J.: 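A single structure is presented below for examination.
Owing to the predicted nature of the structure, the values given are computational and were not obtained by experimental measurement. The basis for the numbers below is simple: all heavy atoms, side chains too, and nothing from hydrogens, waters or symmetry mates. Lettering of chains follows the sequences in order, A, B, ..., and the numbering in each one begins at 1.
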Amino acid sequence: MELYGEEIGSRLLLGTAQYPSPQILAEAVKASGTEIITVSLRREGADGAGTGFWQLIKALGVKILPNTAGCHTAKEAVTTAQMAREVFGTNWIKLEVIGHSDNLQPDVFGLVEAARILSDEGFQVFPYTTDDLVVGEKLLEAGCEILMPWGAPIGSGQGLRNPDALRAMRAHFPNVPLIVDAGIGRPSDACMAMELGMDAVLLNTAVAKAGDPALMGAAIAKSVEAGRKGFAAQMMERRDMAVPSTPILGMAVFD
Amino acid sequence: MRILVNGEATEVNAVNIAAALDELSYEGEALATALNGQFVAREQRQETVLQAGDQLEILAPMQGG
């Protein structure tokens, strides 16, 4: 798939937070085969912890997608993005403008505002949004070339709460890369997103909080691949009634 | 003078951001600064003058989702 002109092989984007150790994070990144990892910026103490983390991340040799996690206004998100661009040396930004502290849903008004400012400043914005079609259109008008609808609230692991809405997004934006970001809890959730025709999935907690993060990274990578192939192969439609798979013609008669 | 560094009241002699980073022993390339909510690029740190009560944010890479 192509994201802002970059050819990306893996359709799994992985977060770097909440792993039991830096070593396990590195193992999970490798096992997942991801080519893009998300990172953030936080206040640096005198201990230089951020510099150490940066060395670890660079050594992984994958693309960096900095986020604006925790920002609640467009202004905060814009300033954080500007700081991230300098530190990480990339125009990519995963834009989060959080609107509600309980379900961490995006403030879509602030999101569109920040997306417009950042796009005008040359950023390549990956907006964490809802599955609302009109908001998606506004984000594209603001300069985004990718949309990242949520599957369920961040860190909830609830899977895809509204598959019909994601299907509608796929139909409405046939040529826009769609990445389900947030809510994926297990391999089957990721597979389902890909079967719906999403271009990729972005997840963190599902891998980081698994009993064996590296194994889960590998498992979800397989499920993403399976779902993508299933979508490409065009699945059969569900039927209400049974239809025999084995031909009736030529059945023996025994009575 | 007293400024806020990452939310903590801090006494500094430095008159600009670059000098404040030195004085507070912040090192390395993996740092970004903002003053009173506005991003200050690396090359502007020397010329960005500090005043008492300023809020200086110094950020570095961290794990994120």
J.: Take A:Glu44 and B:Leu31 through the test side chain to side chain contact (heavy atoms under 4.5 Å, CB included) and record every step on the way to the result.
T.: CA-CA 8 Å; A:Glu44 178 74 328; B:Leu31 293 174; 3.8 Å; yes
J.: So which part of A:Glu76 gets closer than 4.5 Å to some heavy atom of chain B, the side chain, the backbone, both or neither?
T.: neither
J.: Report, as yes or no, whether the 6.0 Å neighbourhood of atom CD on B:Glu11 holds more than 12 heavy atoms from other residues, nucleotides or ligands.
T.: yes
J.: Where do B:Arg45 and A:Glu86 come nearest, in terms of heavy atoms and distance?
T.: NH2-OE1, 3.4 Å
J.: Taking A:Arg43 for the side chain and B:Asn6 for the main chain, is one N or O donor matched with an acceptor at less than 3.5 Å?
T.: yes
J.: Below 4.5 Å, heavy-atom pairs only: which of A:Asn204, A:Val87, A:Val78, A:Leu65 has the largest tally toward chain B?
T.: A:Val87
J.: Between A:Tyr19 and B:Gln63 (side chain of the first, backbone of the second, donor and acceptor by atom type, cut-off under 3.5 Å), is there such a pair?
T.: no
J.: Do the side chain of A:Thr38 and the main chain of B:Gly64 share a donor and acceptor less than 3.5 angstrom apart?
T.: yes
J.: Looking at chain B, which one of A:Ala17, A:Gly155, A:Ser40 has the largest number of heavy-atom pairs inside 4.5 Å, strictly under?
T.: A:Ser40
J.: Measure the spacing between CE of B:Met62 and CG of A:Leu41 and express it to the nearest 0.5 Å.
T.: 9.0 Å
J.: Taking all non-hydrogen atoms of both residues into account, name the closest pair between B:Phe39 and A:Met83 and its distance.
T.: CD1-CG, 3.5 Å
J.: Tell me which of these, B:Leu59, B:Val5, B:Ile58, has more heavy-atom pairs under 4.5 Å with chain A than the rest.
T.: B:Leu59
J.: Please check: side-chain N/O of A:Lys94 versus main-chain N/O of B:Gly65, any donor-acceptor pairing under 3.5 Å?
T.: yes
J.: Under 4.5 Å from any heavy atom of chain B, what part of A:Phe88 do you find: side chain, backbone, both or neither?
T.: side chain
J.: Minimum heavy-atom separation for B:Tyr26 and A:Gly45, please, with both atom names.
T.: CE2-O, 3.7 Å
J.: What part of B:Leu24 lies closer than 4.5 angstrom to a heavy atom of chain A: side chain, backbone, both or neither?
T.: neither
